[in-house]
Amino acid sequence: MARPVILTVDDDPAVSRAVARDLRREYGEHHRIVRAESGPAALDALREIALRGEQVAVILADQRMPRMSGVEFLEQAMDLFPRARRVLLTAYADTEAAITAINVVDLDHYLLKPWDPPEEKLYPVVDSLLTAWRESSDRPAATIRIVGNRWSSRSYELRDLAARNQVSYDFFRAEEPEGARLLEAAGADPDLLPIVITEDGRTLVQPTDAQVAEAAGLATTASEEVYDLVVVGGGPGGLGASVYGGSEGLRTVLVESRATGGQAGTSSRIENYLGFPDGVSGDQLTMRARLQAEKFGTEVLTTRTVTALEPKGRARVVRFDDGSEITAHAVVLATGVAYRMLDCPGLEDHTGQGVFYGAAATEAASCAAQDVYVVGGANSAGQAAMNFSRHAAKVVMLVRGPSLQASMSHYLIEQIEANPRIEVRTCTEVCAAAGTDHLEKLTLRDRNTGAEETVEASWLFVFIGAAPRTDWLDGVVARDARGFVLTGPDLPREENGRAPAGWEPDRDPFHLETSVPGVFAVGDVRADSVKRVASAVGEGAMAVSLVHRWLENR
Ligand SMILES: Cc1cc2nc3c(=O)[nH]c(=O)nc-3n(C[C@H](O)[C@H](O)[C@H](O)COP(=O)(O)OP(=O)(O)OC[C@H]3O[C@@H](n4cnc5c(N)ncnc54)[C@H](O)[C@@H]3O)c2cc1C
């Protein structure tokens, strides 16, 4: 197989040669180093590489080039090799441009020139990008082919499931010749869609999530009956607990109902997570955390929902949606929150058919050159608007409040204000939606005047706050009125200030411990928690140290 390419482009021939020389010295054995001296020449080289069917792992581009800037070049390079990691080489004076580029071209890193000594400044960056590139491509998951109707919500769900689990897939519309040909070849009934064709040629008709996950090589059933620790939920909190549980020698299993990463996995760029000054995409961060957990021996089950928790003596039994169960000595609940649904006539009929909750990354490219409506005024809506503005003709943010100031981070407001493709409509809400097999129209209401306006709209992405999914814990674990899980000092006390009613151990509950001893809650699902990636990860780590204390003294 051809060696993957590392491409470098710089208009200064001496610099270009020097970067290529340093790269060749360190990576030449396993990679082909390609060098160009202008953006257009580098694009020609990339087209040739694509024609030969070779792969590009990393692209390093100088920002200050006369005919085409580094950012302009990377924007076009992304269309040819979307998975290639991108680095901008800048002078100190250009750092502003580099930071802006993080949002425009989803930049992975910027390197200040000069990069000497390469052992300290260049190689660690390229090493980590090569690892990220390999991990995103070398997953054991197989390529699957999905055939379905363009606007079927189940087709969308399967694409979303595959994308969020980093399963590579191709989607074929049943209405188009290639889709029809695949249906015929598979002998499938066009009335029973979607179908999934696995890499080994099996056809799954209207498959469940678990069937698709299994076909793609993801684990869905536990290999053992008893574990030290069961972690429920695979967002940052659950991943944090899994990494620490596994690395500290606990037999740990992580159970995730859809895809590891949780809410963070849907974030296009997390800019405030410690150690990533250039920001990091949520799926990159959480994919690496999952690999880290697996490296430490944690078993990860996908598409398995936990539906019951039962304390049995000192054991904690966790039951799944298919009726099966596993037993653990301790449990960490990290089930986070889910988006609230927007309630207005016509909207529910179009969920998955133009109306999406969350960023729906699989759909971003389909919005190219069209108008996109985003509902919400918090960071998640702001990040999505910035992301969609790279593809859409215009992004309209619909905000109920009078401004973004109260709900969004300052840095994001500045980015939105400076983005000519984003329009912010404050004091505005959606009051109706209409369409046939896809969203076609939205009715918007001005909350000050009550005036209504109907606009043509094919895409609506909703980010309106979130609620915990904890009904299944009712009667077992104490929760607050909104369903968030109470822990440690927040648990209701007896009148004399002693531990909660029914609490058996001869000690107070630990800080993250719920009303059931040995069951802990971390991250967004925990009452009064800080809703941040860093705090969820930190609580996951801290819960594991409390699990040890529980195991030692129970
Ligand atoms: C679009 C977006 C952008 C964001 N940007 C930032 C940011 O820039 N910086 C920042 O700090 N924070 C950001 N946040 C917030 C941050 O992502 C959350 O605070 C964080 O993900 C919470 O982690 P968690 O593990 O507690 O829960 P979640 O991320 O909600 O994960 C919970 C997981 O549990 C699973 N689950 C739920 N119930 C069950 C069950 N019964 N059985 C099995 N699995 C179950 C879910 O499928 C989910 O994967 C953002 C959030 C969103 C939505």
Side-chain angles (χ1 to χ4, degrees), residues 160-161 164-165 209-210 220 230-242 253-274 276 279-283 285-286 289-290 300-309 318-322 331-340 356-361 374 376 378-388 408-409 411-412 461-473 477 483-485 512 520-527 529-541 543:
D160 183 62
L161 178 75
R164 291 194 50 205
N165 280 296
D209 288 358
T220 60
V230 175
V231 179
V232 187
L239 287 166
S242 301
V253 61
L254 169 69
V255 187
E256 164 55 48
S257 61
R258 192 150 178 81
T260 45
Q263 298 167 71
T266 68
S267 165
S268 48
R269 186 159 287 275
I270 296 168
E271 305 220 27
N272 55 1
Y273 191 67
L274 190 74
F276 290 89
V280 57
S281 78
D283 70 337
L285 181 73
T286 54
R290 176 189 171 131
V300 179
L301 309 184
T302 328
T303 65
R304 276 283 168 256
T305 301
V306 173
T307 52
L309 169 70
V318 167
R319 204 155 291 134
F320 298 130
D321 45 357
D322 65 350
V331 174
V332 170
L333 302 171
T335 52
V337 293
Y339 282 111
R340 280 207 198 91
F356 300 91
Y357 289 84
V374 171
N379 279 5
S380 48
Q383 285 177 5
M386 287 298 296
N387 195 30
F388 286 126
M408 194 177 286
S409 296
Y411 77 89
L412 209 47
F461 296 87
V462 184
F463 301 80
I464 52 161
R469 292 170 283 192
T470 54
D471 291 351
W472 58 280
L473 293 168
V477 168
F484 289 96
V485 176
L512 300 174
F520 301 82
V522 303
D524 284 12
V525 74
R526 199 172 68 76
S529 62
V530 180
K531 309 293 187 257
R532 290 278 183 277
V533 177
S535 48
V537 172
E539 289 185 8

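For the single chain, residues carry numbers from 1 onward in sequence order. Each ligand, and each atom within it, is numbered from 1 in the order the structure gives.
- Atoms CZ and CZ, from R164 and R258 in turn, are 6.5 Å apart once rounded to the nearest 0.5 Å.
- Among residues two or more places apart in sequence or in another chain, the ring-ring contact (aromatic ring centres under 6.0 Å, His included) test is passed with F356 by Y156, F461.
- Note that the CZ atom of R269 and the CG atom of L412 stand 12.5 Å from one another [nearest 0.5 Å].
- In terms of the ring-ring contact (aromatic ring centres under 6.0 Å, His included) criterion, residue partners of F463 (sequence neighbours excluded) are, by chain and number, Y339.
- Each of V232, L473, D524 was checked for a side chain to side chain contact (heavy atoms under 4.5 Å, CB included) with T335, and the lone residue meeting it is V232.
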Give one line per pair: atom of ligand 1, protein atom, distance. Only N/O to N/O under 3.5 Å.
residue, atom, partner, partner atom, Å
ligand 1, 5 (N), Q383, NE2, 3.2
ligand 1, 8 (O), Q383, NE2, 2.9
ligand 1, 9 (N), N272, OD1, 2.8
ligand 1, 11 (O), V533, N, 2.9
ligand 1, 17 (O), A264, N, 3.4
ligand 1, 19 (O), D524, OD1, 3.0
ligand 1, 19 (O), D524, OD2, 3.1
ligand 1, 19 (O), R532, N, 3.2
ligand 1, 21 (O), A264, N, 3.4
ligand 1, 25 (O), P236, N, 3.2
ligand 1, 25 (O), G237, N, 2.8
ligand 1, 26 (O), D524, N, 2.8
ligand 1, 29 (O), Q263, N, 2.9
ligand 1, 30 (O), Q263, NE2, 2.7
ligand 1, 30 (O), V337, N, 3.4
ligand 1, 41 (N), V306, O, 3.0
ligand 1, 42 (N), V306, N, 3.0
ligand 1, 44 (N), S257, N, 3.1
ligand 1, 47 (O), E256, OE2, 2.7
ligand 1, 47 (O), S257, OG, 3.3
ligand 1, 49 (O), E256, OE1, 2.7
ligand 1, 49 (O), E256, OE2, 3.1

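- By the side chain to side chain donor-acceptor pair (under 3.5 Å) test, S242 is found to be paired with no residue, residues two or more places apart in sequence or in another chain being considered.
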